[in-house]
Amino acid sequence: MLKKAAKKGCDIMPLPQKQIYTTADYWSLPEGQRAELIDGQFYSMAPPDFIHQKLVSVLHYAIFHHIKTNKGDCEVIPAPFAVNLDQDDKTWVEPDLSVVCDKGKLDRRGCMGAPDWIIEVVSPSSSTADYIVKLLKYRMAGVREYWIVNPMKRAVQVYYFEGEEEAGLFSFEEEIPVHIFCGFGIRVAGLLEKD
């Protein structure tokens with residue numbers, strides 16, 4: 001079903017396809033083959049490297065700890081975790097981290113609808129999808145907050161889509177305010193420092 005990805009520089013392009021794929025095709029992918037389905041087109045997912053997984057791990061822990069300490073109702077779920085973003089038949093994504101505050105959206109398959117907060121950790125093969133394709137999809141679907149963590153540049157691009165939309169670029173050394181949780185901020189460099 002999926003062919004080798006066509007590359008332009010280091011960015012993964014949509015896999016060459018002659019048809020529109022649906023939920024049935026997504027859930028029929030061979031075991032171990034990971035791809036996202038966006039607007040009926042498959043996008044391959046390269047295996048993450050160590051720094052990618054380390055960032056997902058420490059961010060997951062920080063968010064989980066904040067929610068638990070404050071007795072919050074939200075869930076933070078790391079990839080692989082399927083999100084039927086538009087609740088349609090043509091878009092299933094797997095964000096690196098999904099924060100879902102409406103537990104009614106969660107079922108055995110994943111999240112039905114937009115998470116409140118999504119974090120993607122960029123790899124060379126995912127930058128076009130994370131900075132362009134997913135940015136638009138997440139905004140239109142109703143995601144409230146979107147972070148793009150770039151380990152190569154040690155920077156986090158942040159988008160707040162509620163109320164007056166805002167965007168900001170933060171270094172790993174800066175504390176980044178989390179808009180969906182009042183009084184909570186994350187300094188990525190602090191999470192990566194060894195004891």
Side-chain angles (χ1 to χ4, degrees), residues 36 48-87 91 93-107 110-123 126-127 129-195:
E36 294 180 301
D49 64 15
F50 170 74
I51 189 61
H52 181 283
Q53 289 303 93
K54 171 100 176 171
L55 283 162
V56 170
S57 179
V58 297
L59 288 165
H60 176 264
Y61 175 78
I63 297 164
F64 175 83
H65 180 73
H66 174 79
I67 292 169
K68 186 172 182 176
T69 301
N70 291 281
K71 297 179 175 42
D73 290 328
C74 301
E75 295 278 348
V76 56
I77 306 117
F81 177 68
V83 174
N84 186 210
L85 194 62
D86 298 317
Q87 296 186 54
T91 300
V93 293
E94 293 185 23
D96 289 313
L97 286 170
S98 300
V99 177
V100 181
C101 298
D102 177 358
K103 291 186 183 175
K105 291 182 178 181
L106 301 173
D107 74 7
C111 182
M112 303 298 117
D116 295 85
W117 179 17
I118 287 178
I119 298 176
E120 296 283 11
V121 178
V122 174
S123 61
S126 72
S127 61
D130 293 336
Y131 283 105
I132 299 171
V133 178
K134 291 182 181 179
L135 171 62
L136 181 60
K137 288 301 292 183
Y138 292 162
R139 181 178 175 269
M140 298 304 291
V143 171
R144 296 165 56 198
E145 187 163 345
Y146 177 39
W147 288 21
I148 304 170
V149 180
N150 189 325
M152 291 82 70
K153 296 182 178 179
R154 292 185 57 84
V156 182
Q157 180 68 52
V158 176
Y159 297 93
Y160 307 116
F161 298 132
E162 278 191 314
E164 274 193 45
E165 293 186 11
E166 295 179 50
L169 182 63
F170 298 86
S171 75
F172 276 18
E173 285 69 31
E174 295 177 275
E175 181 158 310
I176 307 166
V178 177
H179 279 224
I180 70 163
F181 299 133
C182 291
F184 179 45
I186 294 175
R187 190 173 74 86
V188 178
L191 298 177
L192 294 173
E193 291 168 0
K194 296 185 179 190
D195 296 328

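Values reported hereafter were calculated over all heavy atoms of this structure, with side chains retained and with hydrogens, waters and symmetry mates removed. We number each residue from 1, following the sequence as shown. Since we're looking at a predicted model, the values are computed, not measured.
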message: Are the side chains of V56 and V149 in contact, using a 4.5 Å heavy-atom criterion?
response: no

- line: So CG of N84 and CG of D107: to nearest 0.5 Å the spacing works out to 9.0 Å

field: E36 side chain to E94 backbone, donor-acceptor under 3.5 Å
entry: yes

query: Could you walk me through whether Y61 and L191 pass the side-chain contact (heavy atoms from CB on, under 4.5 Å) check?
result: CA-CA 9 Å; Y61 175 78; L191 298 177; 5.9 Å; no

task: Answer yes or no: are there more than 12 heavy-atom neighbours, outside F184 itself, under 6.0 Å from its atom CZ?
output: yes

message: Can you confirm whether N70 sits close enough to F181 that some side-chain heavy atom of one is under 4.5 Å from a side-chain heavy atom of the other?
response: no

message: Do F170 and P177 make a side-chain contact, defined as non-hydrogen atoms from C-beta onward lying under 4.5 Å apart?
response: yes

Minimum side-chain heavy-atom gap K137-V93 below 4.5 Å: no

message: Check whether E120 reaches the backbone of D96 with its side chain - one donor and one acceptor, N or O, closer than 3.5 Å.
response: yes

message: Quick test of your reading: applying salt bridge (charged side-chain N to carboxylate O under 4.0 Å, His left out), list the pairs with at least one residue in residues 63-74, sequence neighbours left out, ordered by first then second residue.
response: none

- prompt: Within the distance-only criterion (no hydrogens, no angle test), does the side chain of Q157 pair as donor or acceptor with the backbone N or O of G168 below 3.5 angstrom?
  reply: yes

field: Derivation and outcome, salt bridge (Lys or Arg N to Asp or Glu O under 4.0 Å), residues E75 and K105
entry: CA-CA 11 Å; E75 295 278 348; K105 291 182 178 181; over 6 Å; no

query: So, do Y146 and D130 sit near enough that their side-chain heavy atoms are less than 4.5 Å apart?
result: yes

query: Short question: side chain of D102, backbone of G104 - any donor-acceptor pair under 3.5 Å?
result: yes

- request: Answer whether the closest heavy-atom distance between the side chains of E162 and E145 falls below 4.5 Å.
  value: no

message: As an exercise, state the distance from CG of L97 to CD1 of I77, rounded to the nearest 0.5 Å.
response: 9.5 Å

Check residues 110-118 and write down every donor-acceptor pair under 3.5 Å in which the side-chain atom is one partner and the other belongs to a residue at least two apart or another chain.
unit_1 : atom_1 : unit_2 : atom_2 : d
D116   : OD1    : C101   : N      : 2.7
D116   : OD2    : R144   : NH1    : 2.9

